[in-house]
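One structure below.
Just so it is clear, the model here is predicted, and its values are computed rather than measured.
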Amino acid sequence: MSPAPAETPVRGRRGWKRVGLALLLVAALGLALCLRDEPLDDGARDALRADETKAPDDPAYLYLLGLDAAEGEPQALGRRRLEDYRAALARHPDGADLGLPAYPALALPEGLCDPLERACRARREQDPVDTPVPWERHAELLRRYHRAMAFASYRSSLAPGLAEPLPALRHLLNGNLLLNAQAWSLARTEGGAALRLLEDDLAGLRRRLAQADQMVLKLVLLKMIQRDLDSLAWLYQRGALPPPSTQAPLSEAERSLRAPMRREFALVARGLLGLRADGMADPAAGFGERLGWALFYKPRMTVNRVWPRYRQVADTAALDAPGFARALRADPPAAPSSDWRNPVGAKLLRIGLPDWNAYLARFHDLDGKLRLFQRLREGPAGTSPDAQRFADLPGLYGPGDAPVWDAAARSLCYPGPYPDPRGLRCLDLR
């Protein structure tokens with residue numbers, strides 16, 4: 001008996017249904033895969049947790065935060081700034097449009113001679129007395145500067161944020177300028193007192209450099225250390241100071257960028273993690289836009305690709321100068337791998353970060369100045385040193401990088417991988 005002719009189409013329809021169900025299942029799995037983000041890497045997660053809480057508030061941090069107070073003690077203004085910021089952040093957790101109040105600021109001195117500027121060096125060559133003496137008119141800022149350097153320790157009390165209050169760095173820099181002006185004035189009659197003033201300040205700056213956990217503060221401290229060294233070298237060559245003490249090379253803690261890079265990473269990472277949350281939480285976003293955010297941007301995956309960049313900067317900062325130079329000559333690191341599930345994150349990863357190596361070089365450049373200063377102090381005071389005294393100094397970044405004499409500028413400078421417009425790895429010989 002032959003089969004009914006209607007059975008074959010029925011079986012065919014059943015087969016297509018199975019294929020359709022299988023395709024739907026594959027599509028559902030693919031969509032689930034596209035929507036899935038990956039967990040944070042251990043290193044990225046630990047770096048974020050390290051800066052989440054910083055309590056109790058550090059006295060030195062509060063003092064620097066309020067160093068510019070127009071009246072009252074800096075620590076009181078620092079605490080007020082911190083409280084205002086935390087209250088505003090509680091109202092606006094995204095950190096935008098905080099509306100922080102402005103605070104009256106202590107007047108900054110004008111017309112100070114900066115030993116790092118060529119015009120200042122030329123002026124002091126012609127008029128070493130350096131009158132008038134502006135530090136006497138700004139005794140309050142100078143007192144605060146001394147107090148800020150006297151704290152035994154320092155650490156920031158806030159997690160990184162786009163609008164977080166920063167130390168009053170302009171007032172800190174000007175306090176150091178006032179101290180240098182005071183040292184030059186003292187050197188006219190009390191060379192020993194001027195030497196103690198500058199060397200005590202150097203010790204405080206280097207102690208703070210080893211403790212600082214903010215990149216901008218580290219760089220400002222480097223500048224002030226350079227300024228003190230230039231003043232010491234200049235005054236010693238004029239016979240105005242007794243022989244300065246030995247200045248050791250920068251220590252590992254002074255060069256370390258572990259904490260600053262962790263903070264820099266945390267600032268970027270929190271922005272990346274909040275990006276999708278902001279887009280998904282937008283009341284005006286429709287279903288399609290929300291689905292687009294979920295499909296094309298994976299915040300944790302993006303953060304995981306960013307973290308190795310900051311970790312590498314911290315690792316490179318731990319190298320000595322020759323090791324740093326070799327790292328610069330090595331093949332550049334491969335670009336972070338993108339994932340087809342994260343096209344928006346891949347685009348964000350292609351946005352360039354600062355050239356952190358240019359900042360790392362400044363630490364080694366300062367080590368070069370410390371070497372030159374050490375050799376200068378080994379000679380007699382008040383004599384005119386020539387380049388021969390420094391001829392046997394080893395290279396800074398490599399065996400062939402010995403210091404070079406610049407006759408026009410009367411400066412001895414180490415060569416380096418980056419431009420050095422302010423002479424961080426130079427010593428003026430007058």
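In plain terms, the two heavy atoms of Arg311 and Arg258 that are nearest each other are O-NH1, 4.2 Å. The two residues Leu100 and Ala88 come nearest to each other via the heavy atoms CD2-CB, 3.9 Å. When all heavy atoms of Pro74 and Ala69 are compared, the closest pair comes out as CA-CB, 4.4 Å. The shortest heavy-atom contact between Leu221 and Leu205 is CD2-CD2, 3.8 Å. In plain terms, the two heavy atoms of Phe373 and Pro244 that are nearest each other are CZ-CB, 3.7 Å. Taking both residues in full, the closest heavy atoms of Pro242 and Leu195 are given as O-CD2, 3.9 Å, listed atom of the first, atom of the second, then distance.
Here the CG atom belonging to Leu366 is positioned 11.5 Å from the CZ atom belonging to Arg362, to the nearest 0.5 angstrom. Considering CG of Leu229 and CE of Met224, their distance stands at 12.5 Å, rounded to 0.5 Å. Distance CZ/Arg196 to CG/Leu186: 9.5 Å, rounded to 0.5 Å. Put simply, CH2 on Trp234 and CG on Leu376 are 12.5 Å apart, with the number rounded to the nearest 0.5 Å. Of the inter-residue distances, the one linking Tyr61 atom OH with Leu158 atom CG reads 3.5 Å to the nearest 0.5 angstrom. To the nearest 0.5 Å, atom OG of residue Ser156 and atom CG of residue Leu82 are 10.0 Å apart.
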Task: Asp84/Tyr103 under side chain to side chain donor-acceptor pair (under 3.5 Å): CA gap, chis, key distance, verdict - done: CA-CA 11 Å; Asp84 288 346; Tyr103 309 91; 2.8 Å; yes
- [ ] Evaluate the side-chain contact (heavy atoms from CB on, under 4.5 Å) criterion for residues Leu198 and Leu235: first the C-alpha distance (whole Å), next the side-chain angles of each, then the deciding distance (0.1 Å), finally the verdict.
- [x] CA-CA 11 Å; Leu198 287 168; Leu235 290 168; 4.2 Å; yes
- [ ] Applying side-chain contact (heavy atoms from CB on, under 4.5 Å), run through Asn174 and Tyr145 and close with a yes or a no.
- [x] CA-CA 9 Å; Asn174 276 270; Tyr145 176 80; over 6 Å; no
Task: Working for side-chain contact (heavy atoms from CB on, under 4.5 Å), residues Met301 and Leu272 - done: CA-CA 10 Å; Met301 184 185 297; Leu272 292 171; over 6 Å; no
TODO: Step by step, work out the side-chain contact (heavy atoms from CB on, under 4.5 Å) result for Val404 and Tyr414.
DONE: CA-CA 6 Å; Val404 177; Tyr414 271 107; over 6 Å; no
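Side-chain contact between Glu264 and Tyr310 is present, with heavy atoms from C-beta onward closer than 4.5 Å. For the pair Asp315/Val313, no side-chain contact is recorded, criterion being any heavy-atom separation below 4.5 Å from C-beta on. Considering only heavy atoms from C-beta on, Leu241 stays 4.5 Å or farther from Glu199 through its side chain. Asp420 has its side chain out of reach of Cys413: every pair of non-hydrogen atoms, C-beta onward, lies at least 4.5 Å apart. A 4.5 Å side-chain heavy-atom check between Phe363 and Lys218 finds at least one atom pair inside the cut-off. When side chains are defined from C-beta on, Met261 does not count as touching Asp213, because their heavy atoms never get closer than 4.5 Å. The side-chain heavy atoms of Ser157 and Leu62, taken from C-beta on, include no pair separated by under 4.5 Å. Put simply, the side chain of Arg309 does not reach to within 4.5 Å of the side chain of Trp356, judged on heavy atoms.
Ion pair Asp68/Arg81 flagged as a salt bridge, since at least one NZ, NE, NH1 or NH2 atom sits closer than 4.0 Å to an Asp/Glu carboxylate oxygen. Under a 4.0 Å N-O distance rule, the pair Arg305/Glu38 qualifies as a salt bridge. Here Asp230 does not pair with Arg227 in a salt bridge; the nearest charged N to carboxylate O distance is not below 4.0 Å. Under a 4.0 Å N-O distance rule, the pair Lys223/Asp228 does not qualify as a salt bridge. Between Arg86 and Glu83 there is no salt bridge, since none of the side-chain N atoms of the basic residue sits less than 4.0 Å from a carboxylate O of the acidic one.
Looking at Tyr418 and Asp365, their side chains never bring a donor and an acceptor atom within 3.5 Å of each other. Using modelled atom types and a 3.5 Å distance limit, the side chains of Ser411 and Asp406 yield no donor-acceptor pair.
With hydrogens and angles ignored, the 3.5 Å screen pairs no side-chain donor or acceptor of Asp41 with any backbone N or O of Ala44. Between the Arg263 side chain and the Met215 main chain, no donor and acceptor come within less than 3.5 Å of each other. Checking side-chain atoms of Gln211 against main-chain N and O of Tyr154 turns up a donor-acceptor pair under 3.5 Å. No side-chain donor-acceptor contact under 3.5 Å links Glu117 to the backbone of Asp114. Counting only distance, with no hydrogens or angles, the side chain of Arg425 and the backbone of Leu396 share no donor-acceptor pair below 3.5 Å. A donor-acceptor pair under 3.5 Å is formed between the side chain of Glu164 and the backbone N or O of Gly161. Using a distance-only test at 3.5 Å, with no hydrogens or angles considered, a donor-acceptor pair links the side chain of His171 to the main chain of Leu106. Side-chain atoms of Asp58 come within 3.5 Å of backbone N or O of Ala60 as a donor-acceptor pair. Within the 3.5 Å criterion, the main-chain N or O of Asn176 finds a donor-acceptor partner in the side chain of Asn180. Under a 3.5 Å cut-off, the side chain of Gln226 and the backbone N or O of Arg422 do form a donor-acceptor pair.
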Distance-only donor-acceptor hits, side chain of residues 316-328, under 3.5 Å, sequence neighbours excluded:
residue	atom	partner	partner atom	Å
Thr316	OG1	Gln312	O	2.8
Asp320	OD1	Gly323	N	2.8

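Under a cutoff of 6.0 Å and an axis angle of 45°, Arg147 and Phe151 form a cation-pi pair.
Of the candidates Arg80, Arg143, Arg79, Glu73 forms a salt bridge (Lys or Arg N to Asp or Glu O under 4.0 Å) with just one, namely Arg143. The one candidate from Arg206, Lys369, Arg377, Gln374 that meets the side chain to side chain donor-acceptor pair (under 3.5 Å) condition with Gln247 is Arg206.
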